[in-house]
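What you see is a predicted model; the values in this text were computed from it and never measured. Residue numbers start from 1 in every chain, and the chains themselves are labelled A, B, ... in the order their sequence lines are given, proteins ahead of strands.
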2 protein chains.
Amino acid sequence: MKLEEELYELADLFKVFGDSTRLRILYALFEQEEYSVFGLSDTLQMTQSAISHQLKVLKQARLVKSRRDGKQIFYSLDDDHVRTIISMGREHIEE
Amino acid sequence: MKLEEELYELADLFKVFGDSTRLRILYALFEQEEYSVFGLSDTLQMTQSAISHQLKVLKQARLVKSRRDGKQIFYSLDDDHVRTIISMGREHIEE
DNA sequence: CAAACATATGAGCATTTGTTCATATGTTCA
DNA sequence: TGAACATATGAACAAATGCTCATATGTTTG
């Protein structure tokens, strides 16, 4: 990958982590394997639309994945990078 | 630290990584221990003002530190979290 | 098939963010 | 001390971002 390209992709990835709503969603998925969109909007006390928009961002960044079960769509963490990136961040701010 | 507070601090930290200019500055400091502000603006081909504004952001996030030597101020990475956070990000996008 | 339910999406709006421009602050040296 | 140099900073503006509202899409069930 070209450096120039890498820089933009990296920036885009970190932008995704740079919003407290999205972090809240990820934190929720640390504690409970799966959540439906309604489950998240209920837990986080935000509108279904706001959650759905943010899930789309998280999914495009491949931080969450989804599966459909009937009318519902369940979201879960896509891979372990989410955990490691966030825990590196926590180490930094907790110093 | 309260969860609420942690979320905002984490988001703020990741926001700092979420800009390609700031990443460029950090990358430059990976390759060369120290840079003056002019050195960075020359290397990255950006105005002194733009670099200076971004260095301020990086410094507030404790990602870089500075020391004065005469008229110049030299910036360097503040700690190793910068490297680890960025390398975790790289692992994710390179999959 | 129609109604009910779950989720996605586009437009609009307010807020945030990154750059530029002008200027201020701080340091050295003649 | 004053001129030259290096960096910092504030205001202004354009672009990006996150939420809301209205509505579209997709799925189940009577």
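Residues A:L77 and A:L63 are not in side-chain contact: their nearest non-hydrogen atoms beyond the backbone lie 4.5 Å or more apart. Side-chain contact check for B:L7 versus A:T21: every heavy-atom pair is 4.5 Å or farther apart.
Mapping heavy-atom proximity under 4.0 Å, the span of DNA chain C touched by chain B runs 5' to 3' from C:dT17 to C:dT28.
The CG atom of A:L58 sits 11.5 Å away from the OG atom of A:S66 when rounded to the nearest 0.5 Å.
Remark on the helix from C:dC1-D:dG30 to C:dA30-D:dT1: inter-end axis angle 10°, axes from five-pair C1' superpositions, rounded to 10°.
Applying a 4.0 Å cut-off to non-hydrogen atoms, the residues of residues 66-79 of chain A that approach DNA chain D are A:R68, A:G70, A:K71, listed by residue number. Contacts between residues 43-55 of chain A and DNA chain D, defined by a heavy-atom separation below 4.0 Å, involve A:M46, A:T47, A:S49, A:A50, A:H53, A:Q54, listed by number. Near DNA chain C, defined here as any heavy-atom distance below 4.0 Å, the residues from residues 6-42 of chain A are A:S36, A:V37, A:F38, listed numerically.
Applying the ring-ring contact (aromatic ring centres under 6.0 Å, His included) rule to A:F30 yields the partners A:Y27; only residues at least two apart in sequence or on another chain are considered. Partners of B:Y35 by ring-ring contact (aromatic ring centres under 6.0 Å, His included), not counting sequence neighbours: none found. With sequence neighbours left out, B:Y75 forms a ring-ring contact (aromatic ring centres under 6.0 Å, His included) with no residue at all. A:F38 meets the ring-ring contact (aromatic ring centres under 6.0 Å, His included) test with no other residue; sequence neighbours excluded. In this view, B:Q48 satisfies the side chain to side chain donor-acceptor pair (under 3.5 Å) rule with no residue, not counting sequence neighbours. Partners of B:Q54 under the side chain to side chain donor-acceptor pair (under 3.5 Å) rule, at least two apart in sequence or in another chain, are B:R22.
For residues 76-95 of chain A, the ring pair (Phe, Tyr, Trp, His ring centres under 6.0 Å) pairs, not counting sequence neighbours, are A:H81-B:H92, A:H92-B:H81.
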**Asked** Which is it for A:K2 and A:E9 under the salt bridge (Lys or Arg N to Asp or Glu O under 4.0 Å) test, yes or no, and what are the steps along the way?
**Response** CA-CA 11 Å; A:K2 269 216 319 271; A:E9 283 202 34; over 6 Å; no
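With B:R68 contributing its side chain and B:G70 its backbone, the two residues share a donor-acceptor pair below 3.5 Å.
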